[in-house]
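See below for the structure under consideration.
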Amino acid sequence: MPELPEVEATRLSFVDRISGAGIVSAWCGKPLRWPLGTAPVRLVGRTVRGVRRRGKYLLMDLDQGLLLLHLGMSGSLSFGAALQPRGAHDHFELLTSRGTLRLNDPRRFGAVVWAPDQDAPLARKLLGGLGVEPLSEDFDATGFHAALKTRKSAIKQVLLVGDVVVGVGNIYASEALFLAGIRPTLSAARLSRPRAEKLRAAIREVLGRALAAGGTTLRNYSNAAGERGNFQFEAQVYGREGQPCRVCGTAIKAIRQGQRATFFCPNCQKT
DNA sequence: AAAAGCCCCTGGATGC
DNA sequence: TGCATCCAGGGGCTTT
């Protein structure tokens, strides 16, 4: 589910409300990606300083240490004073002085990790290999083009791996490549400088528009205030196999790349 | 170092 | 209704 726009929309929906809160208790249900170990004990009594985002990770800064949260494929957060009773797929909960933060994640691909600081071994392992933030100034055409030149695999795959640029998942990879007029199977190394620039601009535009729409809700996603996204109604190619391209009318094609679905317009994305 | 597969897990849709 | 199969917003880990 959650790609950069959903994670950022989630962050924005509770960062101001939780900042300054004191942690009263912590609870975990079924194990997520990594065992929390003694983390719940360490969390009690801490104060939430803020919540940042890096790629698809949320970093909750505490007065001592930090909490890394990842929503995986099916995770969503909720934060509020009067939450419903815990459901079968609620697997982590923080009771704070300003409300309860809860992680719901049916597939449990998500993660909650405590680290003493951002340079701790596990934090480094998770965050260290991440590429540039696509909405930051650091995402420049020269660096992007240079990085792509070292990759022979398909451009769609390179975007998904996230070691060149972060935050672009399966929906927005297809959408950005459509906007840039680039065939998803094209080797990344074969992108010309102008086309790399066009893709860079397309990624920023797609992610920006999706964020403005509150993200994409295919099934479960909602932000921490319970609001669903609307970008699925703006998608040009994702999930539209066989339907006419909104630009030229050609039937949208679906293929598989690395066990994931890719959607594109064979006419608008010829090469 | 890069690339390709595998796997984690649950639930919904589809087909027989 | 029941059961099998396939698919799903991710990404870490292992093997080539």
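Lettering of chains follows the sequences in order, A, B, ..., and the numbering in each one begins at 1.
- Taking Ile, Leu, Val, Met, Phe, Trp and Tyr as hydrophobic and joining them when side-chain heavy atoms fall under 4.5 Å apart, one finds A:F264 in a cluster with A:I255.
- Panel note: side chain A:R108, backbone A:R33; no donor-acceptor pair is recorded below 3.5 Å.
- Between C:dT14 and B:dC9, the two P atoms lie 16 Å apart (nearest whole Å).
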Distances for protein N or O near nucleotides 13-16 of chain C N or O, under 3.5 Å:
unit_1 : atom_1 : unit_2 : atom_2 : d
C:dC13 : OP1    : A:K125 : NZ     : 3.1

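- Aromatic ring orientation, A:F14 versus A:F79: tilted (interplanar angle from 30° to 60°).
- Across all strands, A:Y238 comes closer than 4.0 Å only to sugar-phosphate atoms, never to a base (heavy-atom distances).
- Running 5' to 3' along DNA chain B, contacts with non-hydrogen atoms of chain A at under 4.0 Å begin and end at B:dA3 to B:dG12.
- For the pair A:N220 CG and C:dG10 P, the interatomic distance rounds to 14 Å; values are reported in whole Å.
- As rounded to whole Å, 14 Å separates atom P of C:dG10 from atom CD of A:Q259.
- Qualifying ring-ring contact (aromatic ring centres under 6.0 Å, His included) partners for A:F178, counting only residues two or more places apart in sequence or in other chains: none.
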Hey, can you pull the donor-acceptor pairs under 3.5 Å for the side chains in residues 123-136 of chain A, sequence neighbours left out?
unit_1 : atom_1 : unit_2 : atom_2 : d
A:E133 : OE1    : A:R53  : NH1    : 2.9
A:E133 : OE1    : A:R53  : NH2    : 3.1
A:E133 : OE2    : A:R54  : NH1    : 3.0
A:E133 : OE2    : A:G55  : N      : 2.7
A:S136 : OG     : A:E133 : O      : 2.9
A:S136 : OG     : A:D138 : N      : 3.2

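- The same ILVMFWY cluster, assembled from side-chain heavy atoms under 4.5 Å apart, contains both A:L94 and A:V51.
- The hydrophobic cluster containing A:I182 also contains A:V247, counting ILVMFWY residues as joined when their side-chain heavy atoms lie under 4.5 angstrom apart, directly or transitively.
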Could you go step by step and tell me if A:S174 and A:T262 meet the side-chain contact (heavy atoms from CB on, under 4.5 Å) rule? CA-CA 6 Å; A:S174 283; A:T262 299; 3.9 Å; yes
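- Contact between the side-chain N/O atoms of A:Y57 and the OP1/OP2 oxygens of C:dG12 is found at a separation under 4.0 Å.
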side-chain contact (heavy atoms from CB on, under 4.5 Å) evaluation trace for A:I171 with A:L218: CA-CA 10 Å; A:I171 296 176; A:L218 295 184; 3.9 Å; yes
Give the dot-bracket line for DNA chain C from 5' end to 3' end: parentheses for intra-strand Watson-Crick or G-U pairs under 3.5 Å, square brackets for crossings, | for inter-strand pairing, dots for unpaired. .|||||||.|||||||
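- At whole-Å resolution of the value, CD in A:Q257 and P in C:dG10 are 14 Å apart.
- If you take CZ of A:R260 and P of C:dC6, they are 18 Å apart, rounded to a whole angstrom.
- Few gaps surround CZ on A:R86; more than 12 heavy atoms of other groups in view lie less than 6.0 Å from it.
- Of all nucleotides listed (C:dG11, C:dG12, C:dA8), C:dA8 comes nearest to the side chain of A:R256.
- Nucleotide C:dG10 holds its P atom 16 Å from the CG atom of A:L126, rounded to whole Å.
- Once rounded to the nearest 0.5 Å, the distance linking CG of A:D105 with OG of A:S74 reads 4.0 Å.
- If you measure from atom CG of A:L58 to atom P of C:dG10, you get 15 Å, rounded to the nearest angstrom.
- Cluster annotation: A:V166 is not connected to A:L159 through the hydrophobic network of ILVMFWY side chains, with a link wherever side-chain heavy atoms come within less than 4.5 Å.
- Straight-line distance from the CZ atom of A:R108 to the P atom of C:dG11: 18 Å, rounded to whole Å.
- For A:F109 and C:dG10, the ring-to-base geometry satisfies the stacking test (centroid distance below 5.5 Å, interplanar angle below 30°).
- Annotation: of the two residues near DNA chain B, A:R219 and A:A154, the 5′-most nearest-nucleotide partner is A:A154.
- What separates CD of A:Q232 from P of C:dA8 is a distance of 17 Å, to the nearest Å.
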